[in-house]
Amino acid sequence: MGYNGVIFDLDGTLLDTLQDLADSMNQVLAERGFPTHPTESFRRFVGNGVAKLVSRALPPGKRSEAVTSDCLKAFLNEYDRNWNRKTHPYSGVPKLLDDLTERKIPMAVFTNKLQDFAERCIREFLSEWRFASILGQRDGLPGKPDPTGALEIAAQLNVPAQEFLYLGDSDVDMKTALNAGMVPVGALWGFRTEKELREAGAVRLISRPEELLDVVR
């Protein structure tokens, strides 16, 4: 069957944000005398929202509510200064967005990134393309894998949920798609592994963004 809508995850799917996230969190850790982490470790830290990122990056014995709250505030300040230094769209993403636009396939973003940062990223790096909706972490909207945001997008576009592809790079994304009754497609260029995506229920796995067009058709 053909599909009539695409919902994208943001970090690890459309944009490679890993280095800016890692640099910001490592700066916070270093200032407090905590061990820092290789950039690659942040592939496992991200995906469930900023509070989880901070908690996972902290040493196991330092994850009290007070320490986590302090580091979360500091991270947000640091990331506010550094969010666009090394972030960039993945190779092939602009061409994919061009082709979907040409085919008049509606596009939207549903991410666990904070709403403000999600909107900034789209304006800075993806402003050439129209996204019908950009939903990030905000009050009143449950985070992924809760399907509320994905279903809100489907209702807004008046497209049945089963006619959407959901492209993401983590187990959270695959579970979100399944919970919403959408088709989960795993992005192998992102932050997580093929094994994780398969085990979380990916119906299709693609190695390059442009391969999504074959699935759409």
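Below, all heavy atoms of this structure are taken into account, side chains as well, without hydrogens, waters or symmetry copies.
Between Pro59 and Pro35, the closest heavy-atom pair is CG-CD, 3.8 Å. Taking each heavy atom of Ile206 and Leu167 in turn, the nearest pair found is CD1-CD1, 3.9 Å. Of all the heavy atoms in Ala118 and Leu10, the pair that sits closest is CA-CD2, 3.9 Å. Scanning all heavy atoms of the two residues, the minimum distance from Val109 to Ile7 falls at C-CG2, 4.5 Å. When every heavy atom of Leu197 is checked against every heavy atom of Asp171, the shortest pair comes out as CD2-N, 4.5 Å.
Under the 4.5 Å side-chain criterion, counting only non-hydrogen atoms from C-beta, Phe125 is in contact with Pro89. At a threshold of 4.5 Å between non-hydrogen side-chain atoms, the residues Leu97 and Phe8 count as touching. Under the 4.5 Å side-chain criterion, counting only non-hydrogen atoms from C-beta, Gln19 is not in contact with Thr87. Residues Phe117 and Leu76 meet the side-chain proximity criterion, which asks for heavy atoms closer than 4.5 Å. Counting only heavy atoms from C-beta outward, the side chains of Phe164 and Leu157 approach each other to under 4.5 Å. Between Ser207 and Trp189 there is no side-chain heavy-atom pair separated by less than 4.5 Å. Counting heavy atoms from C-beta on, the side chains of Leu165 and Met182 never come closer than 4.5 Å.
Partners of Arg103 according to the side chain to side chain contact (heavy atoms under 4.5 Å, CB included) rule, which considers only residues two or more places apart in sequence or in another chain, are Asp99, Ile105, Leu213, Arg217. For Lys144, the salt bridge (charged side-chain N to carboxylate O under 4.0 Å, His left out) criterion is met by Asp9, Asp173, not counting sequence neighbours. Take Lys104 and apply the side chain to side chain contact (heavy atoms under 4.5 Å, CB included) test, not counting sequence neighbours, and it matches no residue. With sequence neighbours excluded, the residues satisfying salt bridge (charged side-chain N to carboxylate O under 4.0 Å, His left out) with Asp70 are Arg32. Applying the salt bridge (charged side-chain N to carboxylate O under 4.0 Å, His left out) rule to Glu31 yields no partners; only residues at least two apart in sequence or on another chain are considered. By the ring pair (Phe, Tyr, Trp, His ring centres under 6.0 Å) test, Phe75 is found to be paired with Tyr79, residues two or more places apart in sequence or in another chain being considered. Considering only residues two or more places apart in sequence or on other chains, Arg208 meets the salt bridge (charged side-chain N to carboxylate O under 4.0 Å, His left out) condition with Glu210, Glu211.
The line from CZ of Phe34 to CG of Asn26 is 13.0 Å long, rounded to the nearest 0.5 Å. The CE atom of Met107 lies 9.0 Å from the CG atom of Leu126; values are rounded to the nearest 0.5 Å. Here CZ of Phe110 is found 7.0 Å from OG1 of Thr148. Values are rounded to the nearest 0.5 Å. Distance check, rounded to the nearest 0.5 Å: CG of Leu72 to CG of Leu53 gives 9.5 Å. Summarising the geometry, atom CD1 belonging to Ile122 is positioned 6.5 Å from atom CG belonging to Leu15; distances are rounded to the nearest 0.5 Å. From Ser170, atom OG reaches atom CG of Asn48 across 7.0 Å, with rounding to the nearest 0.5 Å.
Put simply, the side chain of Asp16 gets close to the backbone of Leu18: a donor and an acceptor are under 3.5 Å apart. Judged by distance alone, the side chain of Tyr166 and the main-chain N or O of Ala150 form no donor-acceptor pair under 3.5 Å. Although no hydrogens or angles enter the test, the distance criterion places no donor-acceptor pair under 3.5 Å between the side chain of Arg204 and the main chain of Val183.
A salt bridge between Asp23 and Lys86 is present, with a side-chain N of the basic residue lying under 4.0 Å from a carboxylate O of the acidic one.
No path of Ile, Leu, Val, Met, Phe, Trp and Tyr side chains, each step under 4.5 Å between heavy atoms, connects Val215 with Leu188, placing them in separate hydrophobic clusters.
Annotation: salt bridge (Lys or Arg N to Asp or Glu O under 4.0 Å) contacts involving residues 105-123, sequence neighbours excluded, comprise Asp11-Lys113, Asp80-Arg120, Asp116-Arg120.
With hydrogens and angles left out, the side-chain atoms of Glu78 and Asn82 include a donor and acceptor closer than 3.5 Å.
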Output side-chain donor-acceptor pairs under 3.5 Å for residues 129-143, partner residues at least two apart or in another chain, one line each.
| unit_1 | atom_1 | unit_2 | atom_2 | d |
| --- | --- | --- | --- | --- |
| Trp129 | NE1 | Asp98 | OD1 | 2.7 |

Review item, side-chain donor-acceptor pairs of residues 60-67, under 3.5 Å, at least two apart:
| unit_1 | atom_1 | unit_2 | atom_2 | d |
| --- | --- | --- | --- | --- |
| Arg63 | NE | Ser55 | O | 2.8 |
| Arg63 | NE | Leu58 | O | 3.0 |
| Arg63 | NH2 | Arg56 | O | 3.3 |
| Arg63 | NH2 | Leu58 | O | 2.9 |
| Ser64 | OG | Val67 | N | 3.2 |

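Using a 4.5 Å cut-off between side-chain heavy atoms of Ile, Leu, Val, Met, Phe, Trp and Tyr, Leu178 forms no hydrophobic cluster with any other residue. Summarising the hydrophobic clusters (Ile, Leu, Val, Met, Phe, Trp, Tyr; side-chain heavy atoms under 4.5 Å, direct or chained), the residues clustered with Val172 are none.
Remark: Asn158 CG is loosely packed, at most 12 non-hydrogen atoms of other residues, nucleotides or ligands lying under 6.0 Å away.
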Exercise. Is there a salt bridge (Lys or Arg N to Asp or Glu O under 4.0 Å) between Glu196 and Arg44 once you walk through the steps?
Worked result: CA-CA 11 Å; Glu196 176 178 310; Arg44 297 296 310 171; 2.4 Å; yes
